[in-house]
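All chains are named by letter (A, B, ...) in the order of the sequence lines, taking the proteins before the strands, and each is independently numbered beginning at 1. Just so we're clear, the structure is a prediction, and the values are computed from it rather than from any experiment.
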Number of protein chains: 4
Amino acid sequence: MSNSIGTLFKITSFGESHGPYIGVVVDGCPAGLTIDSQLLTTDLLRRRPGQSSITTARNEQENHQIISGVFEGKSTGAPITIIIPNSDARSKDYDHNLQVLRPSHADYTYQAKYGHRDHRGGGRSSARITAGWVAAGAIAKQIIAAKGINVQAYVNQVGSLSVKVPYTQLDLNTTESNIVRCPDAPTAAQMISLIEKVKKEGDTVGGVVTCVVSNMPVGLGEPLFDKLHAAMGHAMFSINAVKGVAFGSGFEGAAMRGSQHNDIFEPGDKITTTTNHSGGIQGGISNGEDVVCKVAFKPVATIMHAQQTIDSEGNPATIKGRGRHDPCVVPRAVPIVEAMAAIVLADFVLRAQSTTLVGS
Amino acid sequence: MSNSIGTLFKITSFGESHGPYIGVVVDGCPAGLTIDSQLLTTDLLRRRPGQSSITTARNEQENHQIISGVFEGKSTGAPITIIIPNSDARSKDYDHNLQVLRPSHADYTYQAKYGHRDHRGGGRSSARITAGWVAAGAIAKQIIAAKGINVQAYVNQVGSLSVKVPYTQLDLNTTESNIVRCPDAPTAAQMISLIEKVKKEGDTVGGVVTCVVSNMPVGLGEPLFDKLHAAMGHAMFSINAVKGVAFGSGFEGAAMRGSQHNDIFEPGDKITTTTNHSGGIQGGISNGEDVVCKVAFKPVATIMHAQQTIDSEGNPATIKGRGRHDPCVVPRAVPIVEAMAAIVLADFVLRAQSTTLVGS
Amino acid sequence: MSNSIGTLFKITSFGESHGPYIGVVVDGCPAGLTIDSQLLTTDLLRRRPGQSSITTARNEQENHQIISGVFEGKSTGAPITIIIPNSDARSKDYDHNLQVLRPSHADYTYQAKYGHRDHRGGGRSSARITAGWVAAGAIAKQIIAAKGINVQAYVNQVGSLSVKVPYTQLDLNTTESNIVRCPDAPTAAQMISLIEKVKKEGDTVGGVVTCVVSNMPVGLGEPLFDKLHAAMGHAMFSINAVKGVAFGSGFEGAAMRGSQHNDIFEPGDKITTTTNHSGGIQGGISNGEDVVCKVAFKPVATIMHAQQTIDSEGNPATIKGRGRHDPCVVPRAVPIVEAMAAIVLADFVLRAQSTTLVGS
Amino acid sequence: MSNSIGTLFKITSFGESHGPYIGVVVDGCPAGLTIDSQLLTTDLLRRRPGQSSITTARNEQENHQIISGVFEGKSTGAPITIIIPNSDARSKDYDHNLQVLRPSHADYTYQAKYGHRDHRGGGRSSARITAGWVAAGAIAKQIIAAKGINVQAYVNQVGSLSVKVPYTQLDLNTTESNIVRCPDAPTAAQMISLIEKVKKEGDTVGGVVTCVVSNMPVGLGEPLFDKLHAAMGHAMFSINAVKGVAFGSGFEGAAMRGSQHNDIFEPGDKITTTTNHSGGIQGGISNGEDVVCKVAFKPVATIMHAQQTIDSEGNPATIKGRGRHDPCVVPRAVPIVEAMAAIVLADFVLRAQSTTLVGS
């Protein structure tokens, strides 16, 4: 396994869905930063199960504890470790999964790769783990905020319902005003109805989260192989259930002509472009425009229907979802996407400090 | 900059478009492998400029030289270094770019980040550099071939023309039979016409490459943060002009229900699934089904039209493409996509060898 | 800061001397290994303060808790996290250190580098942190034991008292039979007397730990830059108070002739050498002979004498040790040296599994 | 194999003793630095074989070529690649080594680990490879020189002849005034005589190189696991034939009392210490005093005597050195030690730029 990500700002994730704690070690946080524990709580509650009628009923208070690296409210440069207890794990719900392989889950691949696995609640492969990432992301956000950078994600699509207006015509500060986290109120209402309907049917549905990074400095990104979008893409694909990632024009860009797609520079003191098909990144380096990233999530694999499947010996079996699960992950994925974006950006802010020699 | 990728099988890229050589160091190639230099030539010629009427006219013979790590035709475990001369660089063509910033190129971001850049032919940001990756990929292909793994990419879309049938109904061995590298002959013909038309107009067009990895072993991928698709996504986003990457159902999966999307296991000796919306990866680990990845390329930024732009002082300027450029990159991107897939897979084959203790 | 070490078997350390917990995340432990928690306890108690009359009086029970990565007594491949509470921290003892810089401690350098530091008990720079390394080392020992490898360290020198016989004439299984951990009983008795005398004088004394790795396989080590002894040396220099590391003939080898120093091969089925000046490593790769490493520790900086020093403004000041400190670290350093050796060896055992392609 | 070292300033080494080129890729060199190719030549000539009567007769001109990363005399931020042809390789000299294992060489361990090796002149395990490191080191020296840091190494011991005065009483600028590179002229004369005598006897002799880094900034080093001396120790142990590394008091420190060893701070504007037993590093971080490192080299393994050994089947055999070899490596090791020190320091200078957030 490989449970760390980042070069200078690096997080190491640990824990299982039904262990005593999940957590994270954040190494490389610059010293002297005021760490606002409340901001961790805020984001953890945004990701928290049981937060609304359209999320899983698992009820976690997400009472995180910072056990190292912060002294008198400030980072010391030492690794910051955060642990979060799993207080509402019901392992019994998963006894039936021991022998039966859940379709489109990680049961089979974990079993095949590791031989021995903690099957309770998905164990290490559970999205529960992302609570630690969100905590780390809340620290990363404080680093990038010190440079003025702002990360805001929102739900852009649920099933085939999508927001039709570009984000520049939305007020992203209203994202938290509804439980689906969509800043386009009419579409939000439709999305909520759809998720409720899907939930009632015992089914699940996918969606798309859009992430907008505004007030970007020019120069973040380390080509060739740590292009800003390559590293962000890596981080996004690390999130459970993500099947696609796109920047700027994305897959639509493939259908365009160069004469349409090129982002024309505007004369002026600050260099800007009239359009942003590049998604704020050219040659792997930020150009100061907003970084715009879309992240596609497949529907949750656990459904409340009976499904044909097999057991670990390959014999036919039937499975029906038990446990507590989300009918659609994207509302809770919004803070996770923001966290991963912030974690990558914090790393690149620090890395950019070594592009040239300082003070010589 | 960060010019290495991989953990155990690691490549380090170097060189600029108009320097004496571009090249690559491949570290971690297992010892004792027969290295067929001809396979490097084959893939380099597939990527080669000047190969057909729909590619740039720059004429490189791609005469690579292996200068270390191979002895008597076999890998020794030592780093394999490959250099490729730049024989047909015409730096003069780029003198006009010194002051004027080309829209949607890396001129501005490189200039802003590094201050000092080699502007000739895009310098370090040029796709010329990917010749080294293709050479490294040809070595990686020999590693994964030893495990039976096969990587085949093809052009799935040019502009708004796309292949309508799934890859399972195509013969991927026919991909090389036409210059656009599309195994669906009627669509290929249309694509070629479109590219010729676009070229005549002095414009460019984007496209999509699909990559299929067949005969996959179960168990490749290192969650949480080096999930197989996260690492492959990282590698694909490293390729010039890529704006989107998707696995399996990708962005279409967002619109689906769980009951549709779940890949049902089939009873039997070998564990397989009836559908492959997962794209061969569950929980970040290969499940033995084909890994299917789509990579979206924006249209080439250099067009032969006059475009409004600015100079490096922010003053208005006009630019018109000179030099030799591709009207559409996807035909030449096919071997690059394959190379990056193979490079990641070779790394994960080696990493998987440490999941459990061998022989104890 | 950089708080991780290792490539495939990697540990991440966290915690401060007077925080609620110190701990470690062990990533890359092979799946399916029986993890004997008692072996962690055994080594933690060997490192434990307050274990004998010649160690510090700080009294820690070292009740570690494994909070992830082990299920039903076996490793799952997921990261193994161990936390150890700091139960006997007396932060008040250190209030006098806030302004005054302790000579030959890390107070000044941490203050200068990070600006903001946890000064209590040395904070992050305290040797207390090594408890986590010892716990990780106890897991690493279980990995290498599965390959037959055995790591045994002992105290070879205290002050100017040193063991005169080579380790091959000692019974290393008697190391734990005395509180100074020297398997040469007469020398051990002298060492204990010396430490008691030094302690009574309020002074401290240095020493040397010898580490012997026996039953080594041939082929561990990853030249050029991860030669086995380079990685082990790195790990040893990471231990607090280490000023020198040597392998085989070490500094004595500098005075020798090639004709004396060369280790002559002996004919036979198993390839062995008549002498072992190489310390079991040739060209950075183990040759199957015992790996022999010497690690020199400076005397503990905290002494119970008044010393001239300065405060953080550079003004003259006087300091006199308070708190609870060791008069000589080497007895407690023995399990730390073993742990770091085992951690490196476990990594190289896993890395060696990728030298060639398995099963193809 | 693992042929890269460094985190932000990273070098990747390649090549074999008798291949067409050896070389190095330097990634992470800050952009905009004037790269003086002449300084590479200077250091390469200091390491060059055939430079004096006491070195090997192999005659290399070390005509390096910078093939990437430098444009109009300045670094661009892109990887800097340097190739150096092997012009005087005489592979025939090594045919007799194909079957016979040379004692205390890497023949056996490379053969056992990799199965397949380039035996000519030691192949990848040859010290020839360090020419690339010296070239990279000459670039690193230019980086650290921009911060005022100065690295100077010298020969402190040959056989049992050692310099008796501390380096502070020597003029290190005279090191190059004699062929043994010892700035203590009377001892230098004795050393030269000793090496000539040893050479005449067909034998070899070991030695010690001392490395002094002066004008150090405070704050270089990344504890816990990248303490400055741990990383430097790692780099030094990477050099062929090194058996021991020590900082400050080193192994002598083990015999000292804390009351003697502690480096007392001196009151004043700039914080300094009266002694430097710490070797300029406390808690893994530089304190502004000189970093002082001693590196012990074993005697060269190739001697001109007949030695008993075995062949690769384990049968008795006899070997007698042929080829061209050094009777003592330390004179030529001086620039190698400096290079490795500079490479580590350049990395830590860049890493220190991320300890705190710049400009926020």
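- Tested against C:Thr12 for a side chain to side chain contact (heavy atoms under 4.5 Å, CB included), the candidates A:Asn3, A:Thr12, A:Thr81 yield a single pass: A:Thr12.
- Note: C:Phe71 and A:His116 have tilted aromatic rings, judged against thresholds of 30 and 60 degrees for the angle between ring planes.
- Of all the listed residues (C:Ser13, C:Gly123, C:Gly77, C:Gly19), the one sharing the greatest number of non-hydrogen pairs under 4.5 Å with chain A is C:Gly77.
- The two atoms that bring A:Ile67 and C:Tyr21 nearest to each other are CG2-CD1, 3.8 Å, heavy atoms only.
- Once rounded to the nearest 0.5 Å, the distance linking CZ of C:Arg117 with CD of A:Glu72 reads 11.0 Å.
- For C:Phe14 against A:Val25, the heavy-atom pair with the smallest separation is CD2-CG2, 3.8 Å.
- Heavy-atom pairs under 4.5 Å with chain C were tallied for A:Ala31, A:Ser68, A:Ser75; the largest tally goes to A:Ser68.
- For chain C, the option among A:Cys29, A:Ser4, A:Pro79 with the highest count of heavy-atom pairs below 4.5 Å is A:Pro79.
- Side-chain atoms of C:Glu16 come within 3.5 Å of backbone N or O of A:Gly69 as a donor-acceptor pair.
- Here the straight-line distance linking atom CE of A:Met1 with atom OG1 of C:Thr76 works out to 6.0 Å at 0.5 Å rounding.
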